[in-house]
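Right, one structure below, let's go through it.
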Protein chains: 2
Amino acid sequence: MGRPKKKRGGKPVLTLDHIVETALGMADEQGIEQLSMRKLATELGAGVMSLYHYVADKDTLVEALVDRVASEVELETTGDWTAAARQLAVATHEALLRHPWAIPEWSTVWPGPYRFALTEQLLEVLAGAQLPPDVADLGFHALTNHIQGFARQRVAYGDTRTDTEEMRNRVKGLLTQGDYPRVAEHVRYHVDGHSNHDEFGYVLDLILDGLARSKADCQQ
Amino acid sequence: MGRPKKKRGGKPVLTLDHIVETALGMADEQGIEQLSMRKLATELGAGVMSLYHYVADKDTLVEALVDRVASEVELETTGDWTAAARQLAVATHEALLRHPWAIPEWSTVWPGPYRFALTEQLLEVLAGAQLPPDVADLGFHALTNHIQGFARQRVAYGDTRTDTEEMRNRVKGLLTQGDYPRVAEHVRYHVDGHSNHDEFGYVLDLILDGLARSKADCQQ
DNA sequence: ACCTGAACACCGTTCAAGT
DNA sequence: ACCTGAACACCGTTCAAGT
């Protein structure tokens, strides 16, 4: 959190924290594809090799970056298990939308401590629901798949930051030309039909209702 | 499909088809991270720059590669809409497992014609089911998220080809050390408990049953 | 039309050296 | 302990040139 930029007399010109925070900013602004050790170093006003005193290699840095995103998710929840699961899902979804570059990394990179804590928490919440084990497992995967899948889709069509001229033209082409009418219809359904409709929450509730219902079914 | 390797007198030493097929083989064997234009060219016995007569740039090649994977999915289906959706889902899942490198690309890359045809087909099947529009939409996303999410997870823990020493140690550490007990429990549930249980199909049927039930609910 | 080598502007990382 | 430049082994791609 403290970020000593140059600090004449003191020793630590660089900090792991400062490195990660700067890298995060660069990834947020220009995408992770544009983030290189060299650019990061010059952004920090340091030599490239200085970074390697704080980070083993680039992959480890990216892992740290993704975990930094996971750290933004509030783990404290209120209410019963459906409310709690909902809060975790929404908070994760929002964190991913804040850092779109992290979406493809989310499921690719080995989890860091914050990510593990988040997963642990969601599993804990589901365990508290006393669902039959296979339903709990299904529920966990349905929720995480929904979170990731929906974030990916959000960014694919229509996220303002990721939008390139190229992509907008391709979408327009898809909607204009007659090939793939069902796909065009589906995209339109999302783009104009439901923009102020909270689709993420809507489907999320369907999943949670389904889980709650499974439990009721088993208990009678 | 024809692959002329050197063909002394004839002109086409290279073919788009031959390039894509060779690149696919390399990606399958060594992962897409290891696939470079230069290595691909030498594998083909050509100069790097020769490739650029068939392919605009590396990104386009990767798009073609992913579409090559999509092309493996059989679009012809039999039976009612649940059977048809099931067949498409299973075939897609299998194609992704055959080419694990394609899983993260699947939702990142702009779709090619085969991928579009596949999406169109699934939407068509769901349209044929006469579900209420929002249920059809939910169903489409539930299915695609399940396909992608499950494939990702399969590869994350336990896919033999992607398994590195590194990763096996990390998983072992997770299971051995006491941090994150719920996560460890969850991984164990998948690793030993259900190895011969067809989890993909099981959850897939739950989704399809849920959709069918929604329809029944609305019709009465 | 098809293929190419040289060159440019980048990468991540090793290594040996500086304070 | 902390920082570094030179060097190595790579990248994708432009350009001008060959057949």
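Residue numbers begin at 1 in each chain, while the letters A, B, ... track the order of the sequences.
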> Which part of the nucleic acid, if any, lies within contact of A:Ser36, taking any heavy atom under 4.0 Å across all strands shown: a base, the sugar-phosphate backbone alone, or nothing?
Replying inline: sugar-phosphate
> Do NZ/NE/NH1/NH2 and the carboxylate oxygens of A:Glu63 and B:Arg170 come within less than 4.0 Å?
Replying inline: yes
>> Whether the B:His146 and A:Asn145 side chains hold a donor-acceptor pair (N or O, under 3.5 Å, no angle test) is what I'd like checked.
In response: no
> Whole Å only: how far is the CZ atom of A:Arg38 from the C1' atom of D:dC11?
Replying inline: 12 Å
>> Could you tell me how far apart A:Leu51 (CG) and C:dC11 (P) are, to the nearest whole angstrom?
In response: 13 Å
>> If I take atom CD in residue A:Gln34 and atom P in nucleotide D:dC11, what distance separates them, rounded to the nearest angstrom?
In response: 19 Å
> For B:Leu44 and C:dC3, what is the distance between atoms CG and P respectively, to the nearest whole Å?
Replying inline: 11 Å
> Between atom CD in A:Glu33 and atom P in C:dC11, what is the gap in whole Å?
Replying inline: 12 Å
> So what's the dot-bracket for DNA chain D: Watson-Crick or G-U pairs under 3.5 Å, [ ] if a pair crosses, | if it pairs off-strand?
Replying inline: ||.|||||...|||||.||
>> Counting only side-chain nitrogens and oxygens, does B:Tyr54 get under 4.0 Å of the OP1 or OP2 atom of C:dC2?
In response: no
>> Salt bridge or not between A:Glu185 and A:Arg188? Use side-chain N to carboxylate O under 4.0 Å.
In response: no
>> Which label fits A:His141 and B:His190: parallel for a plane angle under 30°, tilted from 30 to 60°, or perpendicular past 60°?
In response: perpendicular
> Tell me, for nucleotides 14-19 of chain C in 5' to 3' order, what letter each nucleotide earns: B for a base near a protein heavy atom under 4.0 Å, S for only sugar-phosphate near one, - for neither?
Replying inline: B-----
> B:Ile32 CD1 to D:dC11 C1': how many Å, rounded?
Replying inline: 15 Å
>> In this structure, how many angstroms lie between the P atom of D:dC10 and the CG atom of A:Asp57, rounded?
In response: 17 Å
> Rounding to a whole Å, what distance do you find between B:Asp59:CG and D:dC11:C1'?
Replying inline: 13 Å
> Can you tell which of C:dT4, D:dT4, C:dT13 lies closest to the side chain of A:Ala46?
Replying inline: D:dT4
> Which one of B:Val20, B:Ile19, B:Asp17 satisfies the side-chain contact (heavy atoms from CB on, under 4.5 Å) criterion with B:Tyr54?
Replying inline: B:Ile19
> Can a donor-acceptor pair be found between the side chains of A:Glu72 and A:His99 at a distance below 3.5 Å?
Replying inline: yes
> Below 4.0 angstrom from OP1 or OP2 of D:dC11, is there any side-chain N or O of B:Lys58?
Replying inline: no
> So, for B:Leu175 and B:Ala184, which heavy atoms are closest and what is the spacing to 0.1 Å?
Replying inline: CD2-O, 3.6 Å
>> Main chain of A:His18, side chain of A:Thr15: is a donor-acceptor contact present, judged purely on distance under 3.5 Å?
In response: no
> Tell me the side-chain hydrogen bond (donor to acceptor under 3.5 Å, both in side chains) pairs involving residues 86-95 of chain B, sequence neighbours left out?
Replying inline: B:Thr78-B:Gln87, B:Arg86-B:Asp205
